[in-house]
Student: 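Submitted below is the structure of interest, expressed as structure tokens.
All values below come from the heavy atoms of this structure, side chains included, with hydrogens, waters and symmetry mates left out. Predicted model only: the values in this text are computed from it and were never measured. Every chain is numbered from 1, with letters handed out A, B, ... down the list of sequences.
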Number of protein chains: 2
Amino acid sequence: MAKAHRSARGPRPSSIARVPGIDYAELDAMFGYALRRAQIAAFEAFARASDGIGITPPRFTALVILQTNPGISQSVLGDVLGTARSGAMLLTDWLEHRGLAERRHRPDDGRAWGLYLTPKGGRVVETLRRRVRQQDKRFAARLGGRERRELLRLLEKLAA
Amino acid sequence: MAKAHRSARGPRPSSIARVPGIDYAELDAMFGYALRRAQIAAFEAFARASDGIGITPPRFTALVILQTNPGISQSVLGDVLGTARSGAMLLTDWLEHRGLAERRHRPDDGRAWGLYLTPKGGRVVETLRRRVRQQDKRFAARLGGRERRELLRLLEKLAA
DNA sequence: TATTGTTATACTCTATAACTATA
DNA sequence: TATAGTTATAGAGTATAACAATA
């Protein structure tokens with residue numbers, strides 16, 4: 001059976017279906033592996049919601065953070081995303097080149113920029129938030145309400 | 001405060017601590033984001049267990065799969081890992097160059113290799129499995145037994 | 001001195017496509 | 001024709017290090 005070509009959109013290969021006839025041994029009982037599989041599925045859901053303009057999870061995170069925390073600096077944005085300053089800078093460039101965000105001089109500190117969404121960025125992030133939230137809900141739809149709350153609680157406990 | 005240099009071991013930046021004073025908006029209520037954070041934490045636990053010889057999660061998975069499914073082909077290995085054939089081949093090269101796995105001709109099919117662990121590979125994977133399982137257990141130790149079972153069940157339900 | 005942003009560089013991972021040899 | 005493996009290439013993502021301007 002020919003394997004369907006991948007969409008060339010997401011950075012991940014995905015395709016997490018179990019291969020018939022393969023013994024996965026203890027992998028199925030390990031949290032690291034289970035988390036990876038679930039995260040790939042979540043990433044695919046995200047890709048469906050953000051399809052079209054190259055928004056990746058870190059870019060989406062940055063847009064939300066910029067909307068909720070206007071005037072944040074690139075360094076702090078990097079801290080939030082867990083990337084080096086240089087990465088936060090390239091990400092900011094990407095947003096700025098597309099007219100979604102802008103750098104403004106800070107009166108109090110000549111070294112740092114304050115980052116802000118543009119009006120266009122504000123509209124885009126509003127649409128994105130709605131679609132991503134909706135897709136996230138659809139993604140978790142095979143869990144019941146109690147299960148969803150429990151899963152979020154357990155994940156938070158692990159990551160904290 | 002100077003940021004500590006990262007260990008240059010893992011492929012991920014990690015550093016998932018929440019930044020004080022930042023409003024994360026609905027990110028905290030989204031499964032995609034929660035999964036990503038938990039997975040980064042799990043990856044750090046994995047890195048602690050596999051430290052030293054460059055074993056990454058996909059390489060560990062490949063070693064376990066090779067031990068449990070001797071004679072598997074590179075294509076099927078790629079299917080299991082969710083990567084293209086070329087990636088499975090580079091991974092196989094990596095294992096072979098380190099004396100952990102070997103390619104053997106198949107009598108029934110002149111195109112495909114059968115992949116096998118070497119004796120050294122068998123010893124290495126045994127040690128790794130023990131350490132990774134232990135670290136995985138330690139990683140989940142902040143959950144109770146019932147919570148751990150519930151989490152695995154919920155993750156499986158999401159990924160299936 | 002320390003920090004912010006910047007730039008250049010390099011490395012890892014992995015996809016794609018073309019090629020070969022077998023089936 | 002189809003499949004397994006191989007090879008070459010390219011792109012994304014991100015770390016590191018050095019530098020200038022500012023604190």
Student: From C-beta outward on A:Arg111, which listed nucleotide comes closest to its side chain: D:dT6, D:dG5, C:dT3?
Tutor: C:dT3
Student: From the set D:dT6, C:dT6, C:dG5, return the single nucleotide nearest to any side-chain atom of A:Arg103.
Tutor: C:dT6
Student: Which listed nucleotide (C:dG5, D:dT7, C:dT14) is nearest to the side chain of B:Met89?
Tutor: D:dT7
Student: If you look at every strand shown and take non-hydrogen atoms under 4.0 Å, does A:Arg106 touch a base, only sugar-phosphate, or nothing?
Tutor: nothing
Student: In whole angstrom, what separates B:Asp93's CG from D:dT7's C1'?
Tutor: 11 Å
Student: I need the CD1-P distance between A:Ile55 and D:dG13, as an integer number of Å.
Tutor: 11 Å
Student: Does B:Gly87 reach a base, just sugar-phosphate, or nothing at all? Heavy atoms under 4.0 Å.
Tutor: nothing
Student: Between A:Asp93 and A:Arg98 (salt bridge meaning N to carboxylate O under 4.0 Å), is one present in this structure?
Tutor: no
Student: Taking atom C1' of D:dA4 as reference, at what distance in whole Å does atom CG of B:Leu77 sit?
Tutor: 13 Å
Student: Taking the minimum atom-to-atom distance to the side chain of A:Ser86, which one of C:dT4, D:dG13, D:dA15 wins?
Tutor: D:dA15
Student: Rounded to whole Å, how long is the line connecting atom CG of B:Asp108 with atom C1' of C:dT22?
Tutor: 12 Å
Student: Nearest of D:dG5, D:dA15, D:dA8 to any side-chain atom of B:Ala112?
Tutor: D:dG5
Student: May I have the distance from A:Leu81 (atom CG) to D:dT14 (atom P), rounded to whole angstrom?
Tutor: 9 Å
Student: Toward the 5' end of DNA chain D, which comes first, A:Asp109 or A:Arg59, by nearest nucleotide?
Tutor: A:Arg59
Student: Starting at atom CZ of B:Phe43, determine the distance to atom P of C:dT12, rounded to an integer number of angstrom.
Tutor: 14 Å
Student: Looking at B:Lys157, is its backbone amide N or carbonyl O close enough to the side chain of A:Arg142 to form a donor-acceptor pair, meaning the two atoms are under 3.5 Å apart?
Tutor: yes
Student: Identify whether NZ of Lys or CZ of Arg in B:Arg18 sits under 6.0 Å from the centre of the six-membered ring of B:Tyr24 and within 45° of that ring's axis.
Tutor: yes
Student: Of the options C:dC13, C:dA15, D:dG5, whose atoms approach the side-chain atoms of B:Arg85 most closely?
Tutor: D:dG5
Student: Specify the separation, in whole Å, of atom CG of A:Leu90 and atom P of D:dA15.
Tutor: 11 Å
Student: Taking only the side-chain heavy atoms of A:Trp113 (C-beta and beyond), determine which of D:dA8, D:dT16, C:dG5 contains the nearest atom.
Tutor: C:dG5
Student: Between atom CH2 in A:Trp94 and atom P in D:dG13, what is the gap in whole Å?
Tutor: 9 Å
Student: For A:Ser73, report the nucleic acid contact type (base, sugar-phosphate, nothing); a contact means any heavy atom under 4.0 Å.
Tutor: sugar-phosphate
Student: Regarding B:Arg104 and the six-membered ring of B:Trp113, is the cationic atom NZ or CZ under 6.0 Å from the ring centre and inside 45° of its axis?
Tutor: no
Student: Any chance you could measure A:Leu35, atom CG, to A:Gln39, atom CD, to the nearest 0.5 Å?
Tutor: 8.5 Å
